[in-house]
Amino acid sequence: MAKINQQDIDTLRERADIIEVISGYTSLKRGGTNTMKGLCPFHSEKTPSFTVDRARGLFYCFGCQEGGDLYKFVEKIENLPFPEAVEWVARKFAFELRYEEMRPGEQAARGLKARLLAANAEAATFWHKALMDSPDAVDARRYLKSRGFGREVAERWQLGYAPGRNSLCRHLLGKGFSEKEIEQADLGRRSERDRSLYDSFRQRITFPTWNLQGAVVGFGARAMGDAQPKYLNTSETPVFSKSRVMYGLNRAKSSIARGADALVVEGYTDVIALQEAGIEEAVATNGVALGESHFEQLKKFGHRTILMLDADAAGQGATERSFGSHHRLGIEVLVATLPPGRDPAEVVAADGSEGIRKVIDQAQPLLEFKIEQLLDKVQLDTPEARSRAVREVAQVLGWHPDPIARHEYAFMAAQRIGVDPEAVQRALAEGRVAPEASGDASGRDQDRRLPERVKVEREALQLLLTRAREIERWTGMVSESDFTSPARRELFRAAHAMHSSDRQQPLASMADDLSPDALSLFSELAVGADGSDEEDLARRCEEIFVRIRVFSLEREIKKRRNTLGGINPVTDPARHDDLFTELVKLEAERRDLLRKIRGAA
Ligand SMILES: [Zn+2]
């Protein structure tokens, strides 16, 4: 397996002009001192909040929070995986890429994945055999039969039964898999008590989950009887990510690619029942809420998705953020409502596949569904109630990025509420003015609404990212644990790693390995960051890094005070005194630091 030479990736990133690439998708004008601005190509807007920092090779949208380097831009806009995005840029700038064989470490990572897939395949076979033949599985077979799943269905879906008693771990060890591999595939887990290995699933019906290439990557497991929780799922492993893999998509993809709308249902048995009835486009998540990464998967095959979830779960799909991401991905989301108290399998059993088709045909756009859900809950019998409803609806409508669609929904909602369409339009206009106006001038206006602690952490990260060499004498004051969100901690870690490495790397190369949240924060902080002069920089650093420390100390002090409150000084004097001494020390440190900032100011 050949991969692109890393040095070429870095060289190309520096040589290619990010402005030239992005100008092919939106027109950019001069923004701040170091930035260009334009209308965002990822969401619809009237005033530009999409910002490009040519010198740093980064972009960030203050409206939808998309950000990254040139490669991330091409990945997103052209919907390409990373290596193909690099090749795309190379073609555009006539740059010849070198390819090389993988290094041993990378081969080992591939080797590990292959071993884990083999262990999963072996587990699926072992459990399937148990379901088909073992006397242990009588109840499991009876249950499946009651759901209409006979032997043939069980074979087609490789359903299984996990008897427990560590039979799977023993079997896998006998087949030459190591304890570590079994644990890494989450087929076995370690006992808290004596660290011994036990089967992850016991006395449960197992549903293997496949990746798009058809390899078993994980399992869902349903309890027999009343055991809780009813469903367990494989946790994240090197071959299984719950936020990406969708149950049944390996089978559904060709039918979706041929033009059927993807149909998202609640669980494993719904997928099986529907696909068996000829509704081949049915898929489900693996025990997690439907998220943006799932839509990215579905988007590979089609552009419309129908949610056939219970009303609450479908309603949760309609949030401000989800509309942004649907729009960005170019996916249309509809909601199909099942007859009350029925699941898809029951509809199939009663009315066949035509019954389901009828439900699908009546699917409504997600926003329409959300508005109806909202209006169902309120009385519309007084002018005040109608006015309140108008405002609530306008707020939800404001999420829709498309002004024409917004207009249509406003008309529909007005009829439903019994007011003049003008009223909804006006509320919509009022509601939308605030965020757009403040977002235009400078996205950093949002800063003012953030809690003090968050502001300070963000500013520290910004300095670490853009001025690291000049501020070395302060950075030692803070550590990862001083940051209070996962994205900020990740970014601190990455900035720290980059600055402690010998090789001097361009800032934009950090974009390669960050999680989506950290990437967005990184771009936001780095794009257009200004350079204050040295004296000012020293003052800022002093203040910021000291204050982060103070915040952390305050957190520690509070924690110890709480513990201290629960300790009886008479019965447990030693512990009480220890804690008290620590508390005094922390308080003293805090006082000293505060004196330092006030003295400086
Ligand atoms: Zn945007």
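Indexing begins at 1, ligand by ligand and atom by atom, following the structure's order.
For the pair Arg251 and Trp210, the cation sits on the ring face: its NZ or CZ lies under 6.0 Å from the ring centre, inside 45° of the axis.
Checked against the 6.0 Å centroid threshold, Phe42 and Phe73 count as a close aromatic pair.
Between Tyr409 and His400, the ring planes are tilted. Angles from 30° to 60° get that label.
Under 3.5 Å, the side chains of Ser509 and Asp10 contain no donor-acceptor pair of N or O atoms. In summary, the side chains of Glu332 and Thr305 do not present any donor paired with an acceptor at a separation below 3.5 Å, with no hydrogens or angles considered.
Around the Zn ion (ligand 1), the protein contributes the following N, O or S atoms under 2.8 Å, ordered by chain and number: Cys40 SG, His43 ND1, Cys61 SG, Cys64 SG.
Every residue two or more places apart in sequence or in another chain that forms a salt bridge (charged side-chain N to carboxylate O under 4.0 Å, His left out) with Asp53 is listed here: Arg56.
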